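Below: one structure, written as structure tokens.
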Amino acid sequence: MKNSFKLVSANENNPKWSNVISRETPLYSRNNDIRSEFERDFTRVIHSNAYRRLKHKTQVFYSPQNDHICTRIEHVNHVESISYTIAHYLGLNEELTKAIAVSHDLGHSPFGHKGEKILDEICKKDLNFSFWHEKNGLYFVDNIELLEDDEGCKRNLDLTYGVRDGIISHCGEIDENIIRPRDEFINLKEYNYPNQFAPYTWEGCVVKISDKISYIGRDIEDAVSLGILDEHLDKLYDLLGYTSGTINNTVIINTLIYDLCTNSSPEIGLCFSSEALNLMNKIKKFNYEYIYLSDALKPSDEYFSIVINRIYCTLKNAYNGDTTFQNLDKLRKFYPNLINGFVDWFSNFSTTGDRQNLKNKVLFDIQNSKDYYFAIILYIAGMTDKFAIDTYNEIIGF
């Protein structure tokens, strides 16, 4: 029902409000700033380099020459649109859903979920913890992404709790129908695995469910365009109730949005009808069987593993405590772009460089090998597909 969630919206009358708008470090303020807290978060995110790089990161299909195949930034824009529509209809805070939506995938590595899996394997082997993009997204907005303040100093993004919570709580891979926010105001660093906690706000719940609505139909549309589903179109038409014709993602999205909005309430939670939930689960099963696990993706997946592991090992093998930077310097003549880029980036987060205009957190101690290995992981995670491949080609070239 329209505006049925208005009384539980994230606003000044909500008992969670002070927690939702809280920041770990207060933002600088200006006398002429007319934006709300969440509007400031939204613009801080879209001005960040991590957001800009999403346009060159794989969503599902690595297809850099095809302008019409979904990239990570298009997916993010879809989630923003879907979550806005749902929040607006239900009477929730659209500014908060917009800010969460544009930032929810900032932690994704190059090469989509395959890149995420490769970095996870490296992390487990060398650092004894898991890499997952929701937690990496929170780490990026809390520690890695920098913006200049009005005095020209680089600072962390310092987003509100509501947006930070929405990033780490957005996992859409879990099959569940009823989604409700948790009551506990937790330290978000307590997250140990995806979907451990429900989002803190209804708006975070909306983005979480919008993420799933966004990708299940669009992934099919792309797979059809690339010819991957040519042998399975009859199954797909039967699943969707089509007789023939073009797979229309907008129809799928509209059907699911309408069903969610007309079946949800604050008393029950955000939920689909049993028919819509069954359809979503069937589509998701179809996607895994014929798209995500398709033989057509295996050659590129193997290549991505080679690329990421070679970059990681090249930088890792240079580590030797105090002499690490001398070792890197010796590699500079062979790999100038890799070494210059990594050293400059590393210096932003350690005491090894000039910190005159840096007001951000210091993260890495060169004396600690684990710090150094984690820095490499983060540096690779921030790369676009093209930058990672160009870096690999520099390593193997002469």
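Since this is a predicted model, take the numbers as computed values, not measurements. Computed over heavy atoms, backbone and side chain alike; hydrogens, waters and symmetry mates excluded.
In this structure, Ile122 and Phe131 have side chains that are not in contact, with every pair of non-hydrogen atoms separated by 4.5 Å or more. Counting heavy atoms from C-beta on, the side chains of Lys154 and Asn357 never come closer than 4.5 Å. Using a 4.5 Å heavy-atom threshold, the side chains of Ile339 and Asp329 count as separate. Side-chain contact check for Val206 versus Leu92: some heavy-atom pair is nearer than 4.5 Å. Here the side chains of Val362 and Arg355 are in contact, with some heavy-atom distance below 4.5 Å. Within the 4.5 Å cutoff, the side chain of Leu363 has heavy atoms near those of the Ile144 side chain.
Counting only residues at least two apart or on different chains, the salt bridge (Lys or Arg N to Asp or Glu O under 4.0 Å) pairs with a member in residues 40-49 are Arg23-Asp41, Asp33-Arg40. Listed by first then second residue, pairs satisfying ring-ring contact (aromatic ring centres under 6.0 Å, His included) with a partner in residues 40-63 read Tyr62-Phe304, not counting sequence neighbours. Note on residues 259-283: no pairs pass salt bridge (Lys or Arg N to Asp or Glu O under 4.0 Å), not counting sequence neighbours. Listed by first then second residue, pairs satisfying ring-ring contact (aromatic ring centres under 6.0 Å, His included) with a partner in residues 136-162 read Tyr139-Phe374, Tyr161-Phe185, Tyr161-Tyr200, not counting sequence neighbours.
Rounding to the nearest 0.5 angstrom, the gap separating the NZ atom in Lys55 from the OG1 atom in Thr384 is 9.0 Å. With values rounded to the nearest 0.5 angstrom, Thr97 atom OG1 is found 12.5 Å from His104 atom NE2. Rounded to the nearest 0.5 angstrom, Ile100 CD1 and Glu80 CD are separated by 12.0 Å. Distance check: Ser347 OG to Asp344 CG gives 5.5 Å after rounding to the nearest 0.5 Å.
Salt bridge annotation for Arg164-Glu24: present, with a cationic side-chain nitrogen under 4.0 angstrom from a carboxylate oxygen. A salt bridge links Lys298 to Asp295: one of the charged nitrogens lies within less than 4.0 Å of a carboxylate oxygen. Looking at Arg182 and Asp165, a side-chain N of the basic residue comes within less than 4.0 Å of a carboxylate O on the acidic one, giving a salt bridge.
Between Thr391 and Tyr335, the side chains place no donor N or O within less than 3.5 Å of an acceptor N or O (distance only, hydrogens not considered). No hydrogens or angles considered: a donor-acceptor pair under 3.5 Å links the side chains of His75 and Asp211. Between the side chains of Glu95 and Ser36, at least one donor N or O lies within less than 3.5 Å of an accepting N or O. Between the side chains of Lys370 and Asn128, no donor-acceptor pair is found at a separation under 3.5 Å.
Without hydrogens or angle criteria, Ser9 side chain to Lys6 main chain gives no donor-acceptor distance under 3.5 Å. For Ser169 (side chain) and Gly166 (main-chain N/O), no donor-acceptor pair under 3.5 Å exists by modelled atom type. In this structure, Asn320 contributes its side chain and Thr323 its backbone to no donor-acceptor pair below 3.5 Å. At distances below 3.5 Å, at least one donor-acceptor pair connects side-chain atoms of Asn177 with backbone N or O atoms of Phe272. At least one donor-acceptor pair closer than 3.5 Å links the side chain of Glu203 to the backbone N or O of Asn93. Under the 3.5 Å distance criterion, the side-chain polar atoms of Ser264 are matched with a main-chain donor or acceptor of Cys271. For the pair Thr314 (side chain) and Arg310 (backbone), a donor-acceptor distance under 3.5 Å is present. Side-chain atoms of Arg53 come within 3.5 Å of backbone N or O of Gly382 as a donor-acceptor pair. Side chain of His170 to backbone of Ile167: a donor-acceptor contact under 3.5 angstrom is found. With Ser225 contributing its side chain and Glu221 its backbone, the two residues share a donor-acceptor pair below 3.5 Å.
In terms of the side-chain contact (heavy atoms from CB on, under 4.5 Å) criterion, residue partners of Thr71 (sequence neighbours excluded) are, by chain and number, Ile73, Glu74. In terms of the side-chain contact (heavy atoms from CB on, under 4.5 Å) criterion, residue partners of Ser109 (sequence neighbours excluded) are, by chain and number, Glu116, Leu119. With sequence neighbours excluded, no residue satisfies ring-ring contact (aromatic ring centres under 6.0 Å, His included) with His78. For the salt bridge (charged side-chain N to carboxylate O under 4.0 Å, His left out) test, residues two or more places apart in sequence or in another chain that qualify with Lys386 are Asp390. Every residue meeting the side-chain contact (heavy atoms from CB on, under 4.5 Å) condition with Ala318, not counting sequence neighbours, appears here in chain and number order: Asn327, Leu328, Leu331, Tyr372. Qualifying side-chain contact (heavy atoms from CB on, under 4.5 Å) partners for Asn317, counting only residues two or more places apart in sequence or in other chains: Cys313. For Phe334, there are no ring-ring contact (aromatic ring centres under 6.0 Å, His included) partners at least two apart in sequence or on another chain. Scored by the ring-ring contact (aromatic ring centres under 6.0 Å, His included) test, Tyr303 finds no partners at all (sequence neighbours excluded).
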Walk me through whether Asn337 and Glu394 qualify under side chain to side chain donor-acceptor pair (under 3.5 Å). CA-CA 8 Å; Asn337 293 324; Glu394 181 182 57; 3.3 Å; yes
side-chain contact (heavy atoms from CB on, under 4.5 Å) between Asp120 and Trp132, worked out: CA-CA 7 Å; Asp120 181 48; Trp132 37 290; 5.6 Å; no
For Phe286 and Lys235, what are the C-alpha separation, side-chain angles and deciding distance, and is it a side-chain contact (heavy atoms from CB on, under 4.5 Å)? CA-CA 9 Å; Phe286 177 91; Lys235 298 185 189 73; 4.1 Å; yes
Verify side chain to side chain donor-acceptor pair (under 3.5 Å) between Tyr215 and Asn287, making sure each step is shown before the conclusion. CA-CA 10 Å; Tyr215 73 72; Asn287 287 5; over 6 Å; no
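Here the rule is side-chain contact (heavy atoms from CB on, under 4.5 Å) with Ile257, and of Thr255, Ile253, Leu260 only Ile253 fits it. A side-chain contact (heavy atoms from CB on, under 4.5 Å) with Leu315 holds for exactly one of Ile376, Ile380, Ile395; it is Ile376.
Within 6.0 Å of atom NZ in Lys316, more than 12 heavy atoms from other residues, nucleotides or ligands are found, so the atom counts as buried in its surroundings. Around the CG atom of Leu7, the shell of radius 6.0 Å holds no more than 12 heavy atoms that belong to other residues, nucleotides or ligands.
Of all heavy-atom pairs between Glu190 and Gln196, the closest is O-OE1, 3.6 Å. Considering all non-hydrogen atoms of both residues, Ser103 and Ala99 come closest at OG-O, 2.7 Å. Residues Val102 and Val76 share a closest heavy-atom pair of CA-CG1, 3.5 Å. Closest non-hydrogen pair, Gly269 versus Ile178, comes out as CA-CG2, 4.2 Å.
Note on ring orientation: taking the six-membered ring where Trp is involved, the planes of Trp345 and Tyr379 are tilted (angle from 30° to 60°). In this pair, Tyr290 and His232 present their aromatic rings tilted. The plane angle is within the 30 to 60° band.
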